Amino acid sequence: MAADDPVTSVMSVQVVSVERSTPVLDVARLMVEHGISGVPVVDGDRVVGMVTERDMVAQEMDVDAPVYGTFLDAVFRLPWDKSDEEFRHVLATTAGQLMSSDVVTISASSTVRDAASVMYKRRLNPLPVVDSAGRLVGIVSRSDIIRMLAEI
């Protein structure tokens, strides 16, 4: 195999995916059981988000809650140096709450080199593979690409 081969030659077609309502604990168990670094969150056969190891680790961050104050019967949030994103991760109980919804995918017609470039430049792992209609057909990870390199 070579980097100019289609990404379909190295991707996994048995994709472990979850729905938005899947509890975070179940997502963690699936990732451990299958030895994977992330799972697509799907609505039917469409990718709507990703939960990765980074998202799971973020659940354990030490984040201070924002402070609210009142003035003339109005409630407002005092300046807070933590991001809402961090707070969202810590409080998430389902995949839908924990997932990153700005999902990057790659077309099944792309090459392994294309996938490697996207993964490296965007610091992604794994990367969902979709067909021309946007349906999930596979997933490629860094280890898939490394495995291909070792076969050369």
Side-chain angles (χ1 to χ4, degrees), residues 1-66 77 80-152:
M1 279 194 252
D4 290 324
D5 286 348
V7 71
T8 54
S9 66
V10 297
M11 73 180 192
S12 300
V13 293
Q14 299 296 325
V15 182
V16 175
S17 62
V18 296
E19 296 178 347
R20 292 176 200 255
S21 61
T22 306
V24 170
L25 183 58
D26 291 349
V27 176
R29 286 182 178 140
L30 282 170
M31 289 171 68
V32 170
E33 286 172 18
H34 295 276
I36 54 178
S37 57
V39 294
V41 180
V42 296
D43 185 0
D45 56 3
R46 307 265 187 235
V47 180
V48 295
M50 280 293 292
V51 175
T52 64
E53 291 170 327
R54 183 178 190 280
D55 297 314
M56 297 301 291
V57 169
Q59 275 245 288
E60 299 305 317
M61 286 189 298
D62 185 19
V63 177
D64 295 323
R77 186 168 82 181
W80 188 42
D81 64 345
K82 301 290 183 188
S83 77
D84 289 336
E85 187 72 9
E86 288 178 359
F87 203 55
R88 179 183 66 81
H89 273 92
V90 170
L91 295 177
T93 59
T94 66
Q97 295 166 340
L98 184 61
M99 72 182 190
S100 299
S101 57
D102 56 341
V103 183
V104 175
T105 62
I106 193 160
S107 167
S109 62
S110 300
T111 65
V112 173
R113 185 179 315 279
D114 295 333
S117 295
V118 169
M119 293 170 75
Y120 181 79
K121 290 175 184 173
R122 302 288 300 267
R123 297 182 179 178
L124 300 172
N125 189 48
L127 180 62
V129 181
V130 296
D131 66 14
S132 59
R135 293 181 298 251
L136 180 66
V137 295
I139 196 158
V140 63
S141 69
R142 292 177 189 146
S143 60
D144 294 327
I145 295 172
I146 293 167
R147 195 173 303 109
M148 178 205 72
L149 292 171
E151 291 175 2
I152 293 177

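Fair warning: this is a prediction, and the values are worked out from it, not measured in the lab.
Screening residues 103-116 for side chain to side chain donor-acceptor pair (under 3.5 Å), with sequence neighbours left out, gives D4-R113, S107-S109, T111-D114. Within the structure, the side chain to side chain donor-acceptor pair (under 3.5 Å) test picks out the following pairs touching residues 118-129 (sequence neighbours left out): S37-N125.
The two atoms that bring A115 and V140 nearest to each other are CB-CG1, 4.2 Å, heavy atoms only. Residues V103 and V48 approach most closely at CG2-C, 3.9 Å, considering heavy atoms. Taking each heavy atom of V51 and A95 in turn, the nearest pair found is CG2-O, 3.9 Å. The nearest pair of heavy atoms linking P128 to M50 is CG-SD, 3.6 Å. Here the closest heavy-atom approach between residue S9 and residue D5 is recorded as OG-CB, 3.6 Å.
Within the 4.5 Å cutoff, no side-chain heavy atoms of P126 are placed close to those of I36. A heavy-atom distance below 4.5 Å is found between the side chains of D55 and S100.
Listed by chain and residue number, nothing satisfies the side chain to side chain donor-acceptor pair (under 3.5 Å) test with T8 (two or more places apart in sequence, or in another chain). By the side-chain contact (heavy atoms from CB on, under 4.5 Å) test, R46 is found to be paired with A133, R135, residues two or more places apart in sequence or in another chain being considered.
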Inset, instruction - Could you check V129 against I106 for side-chain contact (heavy atoms from CB on, under 4.5 Å), going step by step and ending with a plain yes or no? - result: CA-CA 5 Å; V129 181; I106 193 160; 3.8 Å; yes
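Rounded to the nearest 0.5 angstrom, R142 CZ and L127 CG are separated by 10.5 Å.
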Residues 10-33 side chain polar contacts: donor-acceptor under 3.5 Å, at least two apart:
{"from": "T22", "atom 1": "OG1", "to": "E19", "atom 2": "N", "distance (Å)": "3.1"}
{"from": "T22", "atom 1": "OG1", "to": "E19", "atom 2": "O", "distance (Å)": "3.0"}

